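Just below is one structure, and these are the notes that go with it.
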Amino acid sequence: MSGAAENSADGRADRSGTEEVPSFRYTAEMAGEIERRWQQRWEELGTFHTPNPSGSLQGDTSGAEKLFVQDMFPYPSGSGLHVGHPLGFIGTDVYARFHRMLGRNVLHTMGFDAFGLPAEQYAAQTGTHPRTTTENNIERYLSQIRRLGLGHDERRRIATTDIDFYRWTQWIFLQIFHAWYDFDADDGKGRARPIGELEQQFESGERATPDGRPWGDLTRAEQRAVLDSYRLVYLSEEPVNWCPGLGTVVANEEVTAEGLSERGNFPVFRRNLKQWMMRITAYADRLVDDLDRLEWPEKVKTMQRNWIGRSRGANVVFELPGSTSGIEVFTTRPDTLFGATYMVLAPEHPLVDELIAARGEDQGWPEGTDERWTQGAASPAEAVAAYRHAASMKSELDRQETREKTGVFTGAHATNPVNGESIPVFIADYVLMAYGTGAIMAVPGQDQRDWDFASVFGLPIVRTVEPPQDFEGEAYTGDGPAINSSSQVTGLSLNGLDVEEAKKEIISWLEEHGHGSGSVQYKLRDWLFARQRYWGEPFPVVYDSDGTPLGLPEDQLPVVLPEVADYSPRTFDPDDANSEPEPPLARAGDWGAVELDLGDGLRKYERDNNVMPQWAGSCWYQLRYIDPDNDERFVDPDNERYWMGPRPDRHGPDDPGGLDLYVGGVEHAVLHLLYSRFWHKVLYDLGHVSSEEPYRRLYNQGYIQAYAFTDSRGVYVPAEEVQERDGKFFHNGQEVTREYGKMGKSLKNSVSPDEMADAYGADTLRLYEMSMGPLEASRPWATKDVVGSHRFLQRLWRNIIDEHTGQLRAVDIEPDLEMRRALHKTIAGVREDYGELRFNTAVAKLIELNNRVTKEYSAVAGTPREVVEALVLMVAPLTPHLAEELWSRLGHEAGLAHGPFPVADEQYLVEDTVEYPIQFNGKVRSRTVVAASAGQDEIREAALADEKIAAALDGKEPRKVIVVPGRLVNVVG
RNA sequence: GCCCCCGUAGCCCAAUCGGCAGAGGCGGCGGACUCAAAAUCCGUGUAGUGUCAGUUCGAAUCUGACCGGGGGCACCA
């Protein structure tokens with residue numbers, strides 16, 4: 001050491017010593033100090049407390065337009081956040097802060113979707129109660145996000161695991177349980193109604209009972225069974241997805257295309273088990289149709305449409321000669337009935353046994369049966385049995401991998417109703433029992449799958465739609481005139497009609513002659529709602545001695561989770577399809593047995609021992625944000641109407657209402673967003689909310705991804721220790737392989753927001769995340785780039801505060817005209833960018849303006865207050881702590897969270913002169929400056945007078961001169 | 001296999017109605033400060049927009065085909 005002075009006496013940094021960073025520079029340490037101070041201040045002042053029209057959070061809501069912004073409900077994972085997690089949270093915060101500064105009443109908060117498997121699995125391993133784990137994780141999560149300075153109304157935080165919250169989840173369940181769907185209501189659109197109204201219809205005789213007996217003649221149990229069959233929540237003994245590896249059943253939406261559970265990747269089996277279902281299918285049409293009323297990404301709408309899978313067509317019955325029954329098929333192309341040359345039943349179709357039995361088990365093949373149809377079996381019965389056995393052995397994956405068409409002839413024939421022709425009936429696994437009627441009419445001329453099957457089995461192919469002249473394919477699915485579509489037997493002809501006309505015509509013919517009717521099919525299935533787990537909402541249901549499920553009265557809520565010795569359901573060998581679910585609540589001692597008076601005296605009942613799926617809480621949490629501690633209702637109607645009600649004046653006459661901006665990842669496109677819309681619509685139908693949709697506008701943020709590196713053994717090495725040389729990557733001198741993808745601890749490429757905040761401050765992290773690209777784009781994380789955002793904040797700071805003295809540099813001097821113009825152009829641009837979530841370009845504009853200020857004023861005594869104050873206000877949504885600090889140092893006592901926000905002055909947005917590029921034959925050759933007020937002729941003259949253009953023309957007349965006002969001139973020679 | 005989105009500088013990204021390819025950041029290079037380095041500051045633009053056609057006075061932008069990347073659906077009748 002040289003023995004230099006360690007401190008300087010005058011407060012300035014000693015520039016000759018070891019202390020070289022100026023004392024008042026905006027460093028990470030200073031940022032941290034500022035951030036802690038302002039976060040504390042905001043909390044003390046309740047800066048982000050948002051008033052409601054009524055209730056416990058009542059305040060003045062007059063005058064200000066409301067804005068409800070929400071992030072998708074995070075799960076408080078115990079492993080901590082990486083820098084990708086808060087991307088959307090910061091985005092919504094910037095948007096919310098911008099609008100708050102504009103004077104809007106902004107609701108922005110965040111709660112936790114806290115039920116779920118990880119805490120339960122941890123409990124099973126360690127004995128720690130899931131509530132303890134969950135609460136610790138929430139605290140950890142909060143400490144990480146609080147550091148980011150998100151302007152949340154902390155009074156509105158909720159967690160789905162709070163008893164005060166899940167009490168209302170149970171209450172909503174009961175509303176749905178005590179409702180039925182009246183398909184005739186609202187002119188056929190349908191509406192959920194209280195079950196009591198259905199009972200009245202039966203009592204009064206307005207609606208007939210299933211077997212026609214008067215309602216009063218039914219026993220109470222029979223009445224209950226009838227009502228239960230109508231409920232929006234019902235017990236069903238249909239095939240469900242049983243996952244032995246998890247020990248629970250799961251919803252269709254939770255099974256991957258490969259037939260594995262989304263969580264855990266365990267095999268899932270179709271099993272008949274008695275389970276709770278929600279009748280989401282009743283809402284299929286409204287869930288599809290109302291997508292048109294939402295401001296959502298098309299991609300998500302498409303995914304929902306595909307999932308619901310509505311297709312319109314007709315059900316047609318093909319008679320079986322010598323039998324009273326027929327084969328009913330669903331088809332979207334009834335116009336092609338004349339091309340139906342055979343039929344196919346799904347192998348599991350119940351009619352198959354009847355067909356075999358009708359001909360006689362020991363009957364051989366009909367005379368002249370094609371060899372290809374028999375699979376070498378001696379009889380249809382034998383062939384069918386063999387085929388069914390083979391089909392049942394195939395997994396979903398096998399079926400998908402081999403698309404070759406297989407099947408066998410059943411020996412039976414059916415009659416095509418349009419022409420009376422007898423056509424053979426096959427079974428084949430390309431027809432699925434679960435869709436439509438489990439049977440098809442095969443039209444090889446217009447369906448490629450049928451074409452393929454017909455080719456293998458040598459079946460006739462009849463085109464009934466004329467393909468274009470140049471058509472070279474096999475099956476033709478396009479539009480065209482109908483051909484080969486008439487019959488002397490029935491007198492029907494569709495020839496010459498186009499597809500749409502033919503469909504209409506044939507449907508009315510089918511209906512008239514009793515052969516079928518128009519129909520709509522959906523892929524959507526009812527929602528399997530029960531899980532055999534511990535850490536979820538218990539069902540508010542008990543069973544009486546007959547096993548009839550009864551909804552508990554409201555005053556019995558909440559049903560609190562019991563203490564148990566073992567938190568896990570029994571799990572099984574993942575491949576043990578025949579195991580049976582054993583839920584933890586079934587082992588909760590005497591919890592399950594209750595004595596209640598449900599109207600007919602004190603009796604014994606048994607509690608339901610399932611819990612709700614994790615999606616339940618997120619189906620309605622936005623409503624609880626509105627009124628988090630209302631203990632009279634799940635949400636106050638005034639408050640709901642204020643925050644979520646339709647605003648036709650602002651969003652058009654068709655506005656369904658809902659919150660104003662919902663930001664989250666696209667992975668919830670089907671599951672959460674579909675379930676939530678469903679619940680919301682039920683609540684709307686029952687009159688509990690005024691909005692028809694929960695989320696008016698949806699925005700999908702991208703993912704922050706990262707590079708990961710593996711060594712020669714395939715083991716991940718710490719990404720931060722990898723060095724790049726000449727396009728290759730090295731770790732400790734060894735070359736490693738680069739992969740691109742997720743960020744995660746196991747990939748050793750995780751970067752936490754805390755370490756970034758330590759190194760640069762939270763404001764820098766916020767700014768960087770917003771500036772690295774558009775919010776919706778996925779992009780790689782680059783720690784080394786963060787310094788650029790930090791330098792910008794340092795330069796901004798330096799324009800206002802002297803780094804060496806801490807003195808204010810802003811003074812009351814007039815900026816010149818060019819600076820004013822730059823300022824107002826920036827204001828106009830930044831306002832627009834913020835409003836449209838284009839934070840990256842807003843940042844660029846702010847940096848540009850700040851660089852201009854630096855260039856012009858860094859060498860002189862002070863910077864113009866007018867410019868730097870506007871800069872501070874404009875940067876505030878992005879870097880709120882720094883902005884508040886500078887704003888206060890600029891002499892403002894009140895904070896800036898509620899504005900003002902600079903307004904652009906139009907007079908500085910128009911230029912006096914415009915520089916026009918002059919193109920010659922489309923290439924820029926010169927430039928000329930003309931008055932902004934110049935007319936087309938003047939601009940043209942100025943361009944032609946230009947030396948270089950005159951030279952290019954070489955004395956000739958231009959063939960054409962294109963003048964684009966405000967843009968350029970193109971001279972065509 | 002079908003459908004959708006995206007390809008701009010070494011990297012992340014801008015570019016209103018089709019109108020000057022560059023706003024911003026990283027890196028690189030040069031310089032200042034330093035004994036030196038880090039930090040900081042100043043300066044510096046290297047691609048003609050994945051490829052090939054077409055429309056146009058003019059194409060990153062519109063159209064078609066192809067290549068590459070990402071996503072969705074996948075025997076749904």
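Letters A, B, ... mirror the listed sequences (proteins, then strands); counts begin at 1. Bear in mind that the values here come from a model prediction, so they are computed numbers and not experimental data.
Figure legend: cation-pi geometry between R310(A) and Y522(A) absent, as NZ or CZ is not positioned both under 6.0 Å from the six-membered ring centre and within 45° of its axis. A cation-pi geometry, defined here as NZ or CZ lying under 6.0 Å from the six-membered ring centre and within 45° of its normal, holds between K405(A) and Y430(A).
Within 4.0 Å of V964(A), counting heavy atoms only, lies at least one base atom of the nucleic acid. Nucleic acid contact for R795(A): sugar-phosphate only, since backbone atoms but no base atoms lie under 4.0 Å from a heavy atom of the residue. Residue-level contact check: I962(A) touches the bases, meaning some heavy atom is under 4.0 Å from a base atom. Using a 4.0 Å heavy-atom distance criterion, Q448(A) is classed as making no nucleic acid contact. Residue K845(A) is classed as having no contact, given no heavy-atom separation below 4.0 Å to the nucleic acid. Residue contacts for E848(A): at a heavy-atom cut-off of 4.0 Å it reaches the sugar-phosphate backbone alone, with no base atom in range. At a threshold of 4.0 angstrom between heavy atoms, the contacts of S858(A) with the nucleic acid are absent. Residue S771(A) is out of contact with every strand shown, counting any heavy-atom pair closer than 4.0 Å.
Ring pair Y740(A)/Y707(A) is tilted by interplanar angle, where 30° to 60° counts as tilted. Below 30°, between 30° and 60°, or above 60°: for Y342(A) and F453(A) the angle between ring planes is below 30°, a parallel geometry.
Atom CE in M772(A) sits about 11 Å away from atom C1' in rG25(B), given to the nearest Å.
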